[in-house]
Each structure stands twice: as structure tokens, then as C-alpha cells.
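Okay, so here's the structure we're looking at.
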Amino acid sequence: MQEYLIQQLKGALQKLNYPSIEVQLEKPRIPEHGDVCCTIALSLAKILNKPPREIANEIKNNLILDTSIIKSVEIAGAGFINFNFANSAIINKAKYILELNDLYGKSNIGKNKKTNLEWVSANPTGPLHSGHGRQVCLGGVIANLLEWNGFDVTREYYFNNAGNQMKLLADSIFARYVKLCGGNIHFPENGYQGNYINTIAEEIKIKFGSTISRDHKDENGKPLFQSFGEKWCFQSIQETLHKLNIKHDVFYNEDSLYSSGKIDEVISLLRKKDLVYEEEGALWFRTSKLGIDKDRVIVKSTGEPTYRLPDIAYHQEKFERGFEFLVDIFGADHIATIIDVIAGLEALGYDKSKVKVIIHQMVSFVEGEEVVKMSKRNAKVYTLDELINDVGVDAVFYFFIMRSANTHLEFDISLAKKQSEENPLYYVQYAHARIASILRFAEEEKYFTSPIDILQKSNFELVQKKEEIELMKVLLEFPSIIIQSSEMFEPHRLPTYLKSVAESFHRFYHNNRVMGEEKNTTQARLAICVMTKIVIKNCCKILNVSVPEKM
RNA sequence: GUGCCCGUAGCUCAAUUGGACAGAGCAUCAGCCUUCUAAGCUGAGGGUUGCGCGUUCGAUUCGCGCCGGGCACACCA
């Protein structure tokens, strides 16, 4: 329908000998302004030096439109051209929803582009905490969205199990272990204080007795406290991800960047471009040459690189593995590093438009009036597991995705827990359950309920009511919502859209009885129910939210 | 102090990538169940989009300057 209109508008412009600027259609906010509108007359006004309404009128007079597709054309406001679609056109298009079913909403704008999405990437020093949830969910949904749009997505997790942080983990566990065994040693400064450290220490005590030393080796000859701690933490992280139905394809260890020589390679490449220099025993990256306020150290005087260097090498390595598009998701607290990494990549000759970095703002949790304190300092960490236990997987996804990533998110735990009308998740799920209930009834009454049967055997002429048409219009927006959300990396558009679907459905349901009307009308309305169910189901699938048959 | 993000109804947030009278939910108030799920529907009130300039036919959206909040500013990751 839209393509048709654009063609006709282009034709009219040609006839009028107007410059052929790009014709775009928009969806007006207010329904009275039509199903779609066109602002081309406004854009042309300046070029042609003519009042926009006059231009709009000329365009309108030169349009030849099929009335079975476009019902009406109106000039309004400053020079908007508003169009209304004919019901028959809407109905015909809506039939595709039944035909496509599980595939409805998919596109191929990604053209199979090899895409790497890296996220979560927490180091194995503890369980995921609730704040990680935002990133976990964002990445999960964005990966799904990209796949729905035809990208070839590899889900990747980058971790570092070397260095000071792991030693600190081991020291922390050992200190707790000694305490459990009746001894007393100083707990490391800045050590990890979570309760899980105790848990790990207890497990070690049970398994290895109470007399092993700090440098006790495991069966592979590695320091036991570190390797045990790492394994424990990684397993915890993976179990949490598993609960959320998140599966990474690749776990990439930072270590391989060193063993493969990638790190040294990056240094020598930067050196060739005169972007590094030595000072006070450290190696500095001349970021000030790249539009950044000051230079940064990339290799400490101890010989260890800072995180920037492996991060640059890692991104380079991803390109070398053949990825055409890299997507990273980071919390706002990483903003400074990303700028350096991108600058580094650009300096090495990579196209920064092939790297998309999504930065999400922090999350605060509230329980009723109370703010849930999250502190790494003390032992009171609200873990992601606890959050999942408190509100369930569906609410975790829905609430984290519901808001735009670049604003601070307030996660209301008590609201997410509530099994009541206040909870926006239920509004959507309830619509699905309602439809499922109607369909169960319809099956008993021997109506067609499968999409294919309905498509072939229903008389769509009988769909005439206002709420029926309005609902179909909303359902027809789905594919473009998916494309927009993906192109803009804004999955929060999905819950917003779902709400409008549920709203239109509930209104339709309230004003029109499905079962019990004349038989053909009943069948036609069942068709609308099935279409709606398909859209809710497909959208929820991307969101990782379940669609209950009963509530 | 410097960089990034945010500021929209009492609260939590939208706003189609610059469009028409800025929209929802919650909360408040008033209605609707003998019928397929009332976790629903209908209506009412509630706003100088933090403030001020500027660009534009047109600004919540873009630019500049203030004010307020968050995050980051290590030879930590």
C-alpha cells in the first residue's frame, strides 16, 4: 500500500515538473490525520517559493488513485497531504499475517551480514548482579532482533581470567577459608566481600579438608584457590544466563590475544604510525592526536598492558575473523574506554561505522518506596539470580527492555512482582490468554482456528467494524516496528508497540462479541483473533517473554 | 574542573530518527460484568517539554549558554 502510494506521488511530481526529491510517508500521531501522511509539499515550498497548501493541492489534483486502495485524500494544516486506506486494502494485506504466521515480521535487511554481538563479558570474579540484568536482556533481545532482520549473528562473551583481579579473588577466598578453619588472617584490602566467597570457601573445605595452603595446586597444577574460584564463578554466571535463555556461541578469553601475538602486533602497528611513545618506563598511546583530551598508558611500567590495548586488539581480531559488523554493549561506566578503543581502531585503519556501541545507563532498583542499595563494598549484593527469583524471567526481560537504553532505569521490583492490573506485562499476556481462551471455545464449536484454514475458509468481507479495522492497522505496523527497532538498536519500541496491540485487541473484544454471532461473522472475527495472537507471539518471542494460554 | 548521558503530567516513561492540538500506564475521581477471561472497557481532571537565546515554514527532537541529576575521569578491569 505504502509503496503504491509513493509511486503515485512520484508520478504526480513528474507530471508537475517538480524536482524529484525523496518521497516519504509518515504515520500521523492523531488518527484524524489519516492512516499515512506526506510532508512533501512542505519540503517543496521553499524550493518552489510557493505556499505549501497550493503545492499540496496541485499534487492532489495530479494523483490518480485506485479507490480500492486509497479511500480518501485530504489537504490539512500547513500543507500535509493525508491519506486513508480503503478497508479492503487493509484486509487483503492482513491476510498475509495468517499466511506468514511464525515468519510474520521477519525481514532481510541484514542480508546475511556476518555480525558479532559481544555483551555481558563479566569477568569470573563473582555472580552476575541485578544491574547486569539490563545488559544481559538488551543483548539478548538485540541479537534476536538482528536475526529477525536477516543478520548472521554470532553471540560472543569476552572474559579475562588472568591478572590481579583473579589473584584478589583467590586471596579473598583463602582468607574466608582460613577463618572457616579456625585461623585468622588479614582480609585483603579491596577484596571481594560477597557471601558467595564464603560459599566457595566452604566448598573447598568440604572437598579438600581444612589444612591446605594458599599455594595448593589443583589436578592441573594450577593454584587451587584461583582455579576453583574461577570455575565456581563462571558456572554461576552461565547458570544465570541459562535461566534467561541466553546462549553465547563463543566465549573468548583475553589470554588468546597474548598467546597469538595480537597484542604485540597492535603495538608495532601503532608505533609505525607514531602513536606510541615511552615515558617513565610506561608505553603511552598518543590519544591526544586522535581528538581525545589526553594521552593514555597502554603498557604499564610493570610490563602489563592496561585494558585499552587488549580491547583494541580484540576488536581488530574480530574483524580478522571475518565479521563485517561489530556490536558492543556496555554500561555507561565504560564510556571512557570505548572512546579510546574506537579511536585506536580508526588509527589502525578500520571503518568505525562498522562498529556499533550501545551504551546503556545505570539501573536503580526500588521496592515500593525503598531504594534497594547495591554496593560492591559490603556483602549485600542483589544478584541477578535473586531478581529472577523475585519477579520471574518474563518480568525481568519486559522491565529491562521497556525503557530506552540511554536513560536511567528505575526498576520497580514490587510492581514487577505484582500479579495485578498495574503490571504492564500482564496487560499484554492477558490479551494473548484471552485469545487462547476464545480459540479453545471455538474449537469445541467446530470453527476453524488454524491460520491456514482460516485464510482459506473465512469470508473477510464481513470484517467491517471500526475496532476490527483499527486492530488490523496496528497489526500491519509490526514489520516496520521490527525494522526500526533493529536499525536504531532500540528494543524498547517493542513493549511500546505490544501495548498498542493489546489495547486495540481489548477494545475490539469489548465491543464485538466473537463467538455467538452469525456463523460467518464469527469465523471472520476468529480470523482477527488469530492474527493478533500471531503478532503478540512473534513479538514476545523476540523479547524472550512467554505467551500464556491461560492466566 | 573535563568528557558522556539524562531533565516531558503527582510518580514511571513514550513521542515514528525535525512535523499538525506533546501521548500512555500508575495514582485520583466517575461509570460498565446473567453473555467468549473485569489481569478488561469507557470517561474526567492533571503540562510554559528545567531556563534562556539561536537555526527552521515548523523544535521535546538540532546548535550555543546557564541550572539540576547520574556515570566516568588510575601505570584498576
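From a predicted model like this one, the values you see are computed outputs, not experimental measurements. Letters A, B, ... mirror the listed sequences (proteins, then strands); counts begin at 1.
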Using modelled atom types and a 3.5 Å cut-off, is there a donor and acceptor pairing between side-chain atoms of Ser172(A) and backbone atoms of Tyr192(A)?
yes
Between His33(A) and Met362(A), which has a closest nucleotide on RNA chain B that is more 5'?
His33(A)
Name the orientation class of the two ring planes belonging to His334(A) and Phe330(A) (parallel below 30°, tilted from 30 to 60°, perpendicular beyond 60°).
parallel
Spacing between Leu415(A) atom CG and C13(B) atom P, to the nearest angstrom:
12 Å
Can you tell me which nucleotide in A77(B), C5(B), C75(B) comes closest to the side chain of Asn406(A)?
C5(B)
What is the nucleic acid contact for His506(A), judged by heavy atoms within less than 4.0 Å: base, sugar-phosphate only, or nothing?
sugar-phosphate
Remember a base hit wins even if backbone is also touched, and classify Lys46(A) as base, sugar-phosphate or nothing at under 4.0 Å, heavy atoms.
sugar-phosphate
Measure from the side-chain N and O atoms of Arg525(A) to the backbone N and O of Tyr509(A), and report whether any donor-acceptor pair falls under 3.5 Å.
no
Base, sugar-phosphate, or nothing: which does Ala45(A) touch, judged by heavy atoms less than 4.0 Å apart?
nothing
Given atom CD1 of Ile481(A) and atom C1' of U16(B), what is their separation to the nearest angstrom?
7 Å
Between the base of G40(B) and the ring of His510(A) - centre-to-centre under 5.5 Å, planes within under 30° - is that a stack?
no
Is Lys533(A) paired with Glu549(A) through a side-chain N to carboxylate O contact shorter than 4.0 Å?
yes
Looking only at side-chain atoms of Ala76(A), point me to the closest of G19(B), U42(B), A20(B).
A20(B)
Over how many whole Å does the gap from Ile30(A) atom CD1 to A14(B) atom P extend?
21 Å
Tell me what Glu549(A) touches on the nucleic acid: a base, only sugar-phosphate, or nothing, going by heavy atoms under 4.0 Å.
base
Between A20(B) and Asn82(A), counting only base atoms on the nucleotide and side-chain atoms on the residue, is there a donor-acceptor pair under 3.5 Å?
yes
C1'-based separation of U8(B) from U61(B) [nearest Å]:
12 Å
Does Tyr398(A) make a side-chain N or O approach to OP1 or OP2 of G25(B) shorter than 4.0 Å?
no
Could you check if the base of C67(B) is syn or anti? Syn means the glycosidic torsion is within 90 degrees of 0.
anti
Can you identify which nucleotide, out of G70(B), A77(B), U17(B), has its nearest atom closest to the Gln361(A) side chain?
G70(B)
Ranking A77(B), A14(B), U37(B) by distance to the side chain of Gln165(A), first place goes to A77(B)
Does any donor-acceptor pair link the side chain of Arg513(A) with the base of U37(B) at a separation under 3.5 Å?
no
The answer to which of Arg434(A) and Glu490(A) contacts RNA chain B further toward the 5' end, by nearest nucleotide, is Glu490(A)
Quick one: is A14(B) close enough that its OP1 or OP2 comes under 4.0 Å of any side-chain N or O from Arg403(A)?
no
Find the distance Glu422(A):CD to U28(B):C1' and express it as a whole number of Å.
13 Å
Considering just the side-chain nitrogens and oxygens of Tyr447(A), establish if one lies under 4.0 Å of OP1 or OP2 belonging to C36(B).
no
Hydrogens and angles aside, do Ser546(A) and Asp394(A) bring a side-chain donor and acceptor to less than 3.5 Å of each other?
yes
Looking only at N and O atoms, is any donor in the side chain of Glu280(A) or the base of C75(B) less than 3.5 Å from an acceptor on the other one?
yes
Name the nucleic acid region contacted by Ala433(A), choosing base, sugar-phosphate or nothing; use a 4.0 angstrom heavy-atom cut-off, strictly under.
base
Which part of the nucleic acid, if any, lies within contact of Asn512(A), taking any heavy atom under 4.0 Å across all strands shown: a base, the sugar-phosphate backbone alone, or nothing?
base
Assign the ring pair Tyr157(A) / His248(A) to parallel, tilted or perpendicular, where the plane angle (0 to 90°) is split at 30° and 60°.
perpendicular
G19(B) pyrimidine/purine six-ring stacking with Phe80(A), under 5.5 Å and 30°:
no
What nucleic acid atoms does Ser437(A) come within less than 4.0 Å of, heavy atoms only: base, sugar-phosphate, or nothing?
base
Provide, to the nearest angstrom, the distance between the NE2 atom belonging to His408(A) and the P atom belonging to G7(B).
9 Å
Have a look at Tyr509(A) and say if it touches a base, only the backbone sugar-phosphate, or nothing, with a 4.0 Å heavy-atom cut-off.
base
Which nucleotide in the set C71(B), C57(B), U60(B) lies at the smallest distance from any side-chain heavy atom of Asp333(A)?
C71(B)
